[in-house]
2 protein chains.
Amino acid sequence: MKPKIEDVAKVAGVSPTTVSRVLNNRGYIGENTRIKVHKAMEQLNYYPNEVARSLFIKKTFLIGLIFPTTSNPFYGQLIFHLENIAATLGYKVLLCNSQGREDKEKNYLNMLQRNQVDGIIAGAHNKGIEEYEIPNLPVVGVDRYLSSKIPVVSSDNYHGGKLATQLLINKGCKNIIHINGPISLETPANLRRKAYEDIMRANQLTPLTYEIDDHFKIIKQLFEENPRVDGIFASDDLIASQVIRQAKERNIDIPTDLKVIGYDGTETTRLLLPELSTVQQPIKEIAEKAIELLVKQMDDKDDAIQLETIIPGKLIEGETTGG
Amino acid sequence: MKPKIEDVAKVAGVSPTTVSRVLNNRGYIGENTRIKVHKAMEQLNYYPNEVARSLFIKKTFLIGLIFPTTSNPFYGQLIFHLENIAATLGYKVLLCNSQGREDKEKNYLNMLQRNQVDGIIAGAHNKGIEEYEIPNLPVVGVDRYLSSKIPVVSSDNYHGGKLATQLLINKGCKNIIHINGPISLETPANLRRKAYEDIMRANQLTPLTYEIDDHFKIIKQLFEENPRVDGIFASDDLIASQVIRQAKERNIDIPTDLKVIGYDGTETTRLLLPELSTVQQPIKEIAEKAIELLVKQMDDKDDAIQLETIIPGKLIEGETTGG
DNA sequence: AACAATATGTCAACCGGTTGACATATGAAA
DNA sequence: TTTCATATGTCAACCGGTTGACATATTGTT
């Protein structure tokens, strides 16, 4: 059986309380005793039972992360940073891949509460949800409005959308189309679209947005319906990549006949598709801010917290928008 | 304060034991009582405290995952599947990004034990380690030998290496170079290299392997030292992508002058770089097998378990190896 | 010598849920 | 009527670590 404090105490020849005191640096402890206790712990291969500890102190140092999927390089990278920063602060991370499914999300939310997490960071779906408003449980949204009371961290989507659209216009594009994910979700990312439409109009151009729900069928359709398209702003790099592929198949030369810009600029995209112009999200900074806001909520309970944090992104010009 | 069983009992007008019985479906429970209890739980917004429960039943339903980073699309996708399958079995997942650093890995291992995880799946570093041999704690390695006693799941690396090398040879390449990660680590992935060298020799060709530790400096060097190279087998798609980029910069036409094949074939690579030939790893199957082996160890304690599981991968021919 | 500060021990309550032992009550079957 | 399956309650121990109260030594200081 796993050794417990009592066993350590016996081996070290001290009382269980003393061991606990050593473990938690409380009260007076002699240097000798400290050493004896540590030796005993080593000898027995003792690991303090955090479950028992958590039960008593009513804190688990667990943070729940709910995101669509680590498969997606954007979330993969974001989650990497979240976990990393959390770890430096002594927090551990429970991973939940909701896959954009409401039922899964609800189950995870339920599970996280049963497991007494100290907080939740979510960048998943929403909709009817006031489900995230949990009394005494700090929550932070990433690129997702979870409720009117829950703080959100996101990149400056409007500015990003503007940068992308303006770049295409500057490069001489006249027929610029925007493609984005399903906008039934009310996310800050929709501001990319809003910026696109604003900038287009400001330049006497007609905005046209395609909403991609599922397949690249939409992209095919886009090309068929708009033979004169000369600029495409995709709301993420993966979609942009599909666009490029489709253009190649139709012998549309990029960037001569068509200029393409994506969004996200993850490490992986930069490596695999370095020629793609994109608006790079400040992923690490988003993660830092999200954790900071979460921890702040956990520490000073009902202090007022910034409800919306917007971090600027960065335009990366690649070959897909021309020299 | 959060409601506890006692509160539920009061509201439902029953005893705490009865509530526990309802919760765990033990003993006799009348339909009426069951409903009353559920209503009370709903009314109070009661969530059973898993921490308390875990303490008593000595099982947390937690699985620790130690991998270099979710940023990498291969691990991202693998971890997605691991979490997913674990969830269907009622297990939760503690995520650890070790970043290939021994110190971090050790800390995580320590942390997971303190948190009483039921098992660990690791695909990280190793080296001096017998550290993973933890009494009574099931462990499974993914593409990593963790110890002589710990089961490993991996794709058929030898076969994959063979497929890749053979393809290049079939396509007429004579000067084929292999690039892989640092092989100081003893991993099943080294079999890709072994296969490459075997096949080369079997075809009266001279194998030449470059070991990439850090940068694409090595790739530059490779091109400079081997102007006649006409085939490159990279041990992962990200490296292959760098090779392609470097070749473009040197105006080496792919596939005419140089054929390139990678390894992994993640969803992300397939989307972003569909033209890349690669050996696709059976990521989902690896995840399934890993969980299966872990759960088997947890269930029938010291049943003999398969020490090495090898799952075949799949050759994907893209344009980078020619028509 | 008196008084602190330091060092350690004993003991019990507590965190929230689980479980087994045992008591009791009801209704139905034998 | 007896007996049994069903239904629920009471009670206490337990999981492993934490904490406060209190006792007792041993130092060192003044």
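Letters A, B, ... are given to chains in the order of the sequence lines, protein chains preceding strands, and every chain is numbered from 1. All values below were derived from every heavy atom in this structure, side-chain atoms included, with hydrogens, water molecules and symmetry-related copies excluded. Remember, predicted model here, so these are calculated numbers, not experimental data.
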Using the salt bridge (Lys or Arg N to Asp or Glu O under 4.0 Å) rule, collect all pairs that involve residues 38-53 of chain B, keeping only residues at least two apart or in two chains.
A/Arg114-B/Glu50

Integer-rounded Å distance: C/dC15 C1' and B/Met1 CE
12 Å

Separation of D/dG17 P from A/Lys2 NZ (nearest whole Å)
10 Å

Which heavy atom in A/Asn157 sits nearest to a heavy atom in A/Asp143, and how many Å separate them?
ND2-OD1, 3.4 Å

Please list, pair by pair, any protein nitrogen or oxygen found under 3.5 Å from a nitrogen or oxygen in nucleotides 18-25 of chain C.
| residue | atom | partner | partner atom | Å |
| --- | --- | --- | --- | --- |
| C/dT18 | OP1 | B/Asn24 | OD1 | 3.4 |
| C/dT18 | OP1 | B/Asn24 | ND2 | 3.3 |
| C/dT18 | OP1 | B/Arg53 | NE | 2.7 |
| C/dT18 | OP2 | B/Ser20 | OG | 3.1 |
| C/dT18 | OP2 | B/Asn24 | ND2 | 3.3 |
| C/dG20 | OP2 | B/Arg26 | NH1 | 3.3 |

Between B/Gln113 and B/Ile134, which heavy-atom pair has the shortest distance, and what is it?
OE1-CG2, 3.4 Å

If you look only at distance, which donor and acceptor atoms sit under 3.5 Å apart when one is on a side chain in residues 8-19 of chain A and the other is two or more places apart or in another chain?
| residue | atom | partner | partner atom | Å |
| --- | --- | --- | --- | --- |
| A/Ser15 | OG | A/Thr18 | N | 3.2 |
| A/Ser15 | OG | A/Thr18 | OG1 | 3.1 |

Note: B/Glu102-B/Lys106 ion pair, threshold 4.0 Å (strictly below)
yes

Under the salt bridge (Lys or Arg N to Asp or Glu O under 4.0 Å) rule, collect the residues that match up with A/Lys36, sequence neighbours excluded.
none

N/O (side chain, B/Lys58) to phosphate O (OP1/OP2, D/dC14) under 4.0 Å
no

Please report the interatomic distance CD(B/Gln281) to OG(B/Ser155), rounded to the nearest 0.5 Å.
3.5 Å

Using a 4.0 Å heavy-atom cut-off, write out nucleotides 24-30 of chain D from 5' to 3' as B (base contacted by protein), S (sugar-phosphate only) or - (no contact).
-------

Of all of residues 30-44 of chain B, which get a heavy atom below 4.0 angstrom from DNA chain D, listed by number?
B/Gly30, B/Thr33

Where along residues 7-15 of chain B does a heavy atom fall under 4.0 Å from DNA chain D?
B/Gly13, B/Val14, B/Ser15

Please identify each residue that fulfils salt bridge (Lys or Arg N to Asp or Glu O under 4.0 Å) with B/Arg34, with sequence neighbours left out.
B/Glu31

Report the distance from atom CZ of B/Arg114 to atom C1' of D/dG17, rounded to the nearest whole Å.
14 Å

D/dA7 P sits how many Å from B/Tyr28 OH, rounded?
8 Å

Give a yes or no on whether the backbone of A/Val139 and the side-chain of A/Gln297 come within a donor-acceptor separation of less than 3.5 Å.
yes

First locate atom CD1 of B/Ile66, then atom CG of B/Leu112, and finally report the distance between them rounded to the nearest 0.5 Å.
5.0 Å

Does the side chain of B/Thr266 come within less than 4.5 Å of B/Ile283's, by heavy atoms?
yes

Name all pairs fulfilling the ring-ring contact (aromatic ring centres under 6.0 Å, His included) condition that reach into residues 20-61 of chain A, sequence neighbours left out, sorted by first residue then second.
A/Phe61-A/Tyr91

If the helix axis at each end comes from five base pairs, how far does the helix from C/dA1-D/dT30 to C/dA30-D/dT1 deviate from straight, to 10°?
40°

For the pair made of NZ in A/Lys4 and P in D/dC15, what is the distance, rounded to whole Å?
5 Å

Partners of A/Phe67 by ring pair (Phe, Tyr, Trp, His ring centres under 6.0 Å), sequence neighbours excluded?
A/Tyr75

Is it true that a side-chain atom of B/Arg144 and a backbone atom of B/Thr187 form a donor plus acceptor pair closer than 3.5 Å?
no

Is the closest side-chain donor-acceptor distance between B/Lys4 and B/Asn49 under 3.5 Å?
no

Sequence neighbours excluded and cut-off under 3.5 Å, please list the side-chain donor-acceptor pairs for residues 76-90 of chain A, or say none.
| residue | atom | partner | partner atom | Å |
| --- | --- | --- | --- | --- |
| A/Gln77 | OE1 | A/Glu267 | N | 2.9 |
| A/His81 | ND1 | A/Gln77 | O | 3.3 |
| A/Glu83 | OE1 | B/Asn97 | N | 3.4 |
| A/Glu83 | OE1 | B/Tyr108 | OH | 3.1 |
| A/Glu83 | OE2 | B/Tyr108 | OH | 2.5 |
| A/Asn84 | OD1 | B/Gln99 | NE2 | 3.4 |
| A/Thr88 | OG1 | A/Ile85 | O | 2.6 |

What is the distance, to the nearest angstrom, from the CD1 atom on B/Ile29 to the P atom on D/dT8?
8 Å

Which nucleotide, C/dA7, D/dG17, C/dC15, lies nearest any side-chain atom of A/Asn49?
D/dG17

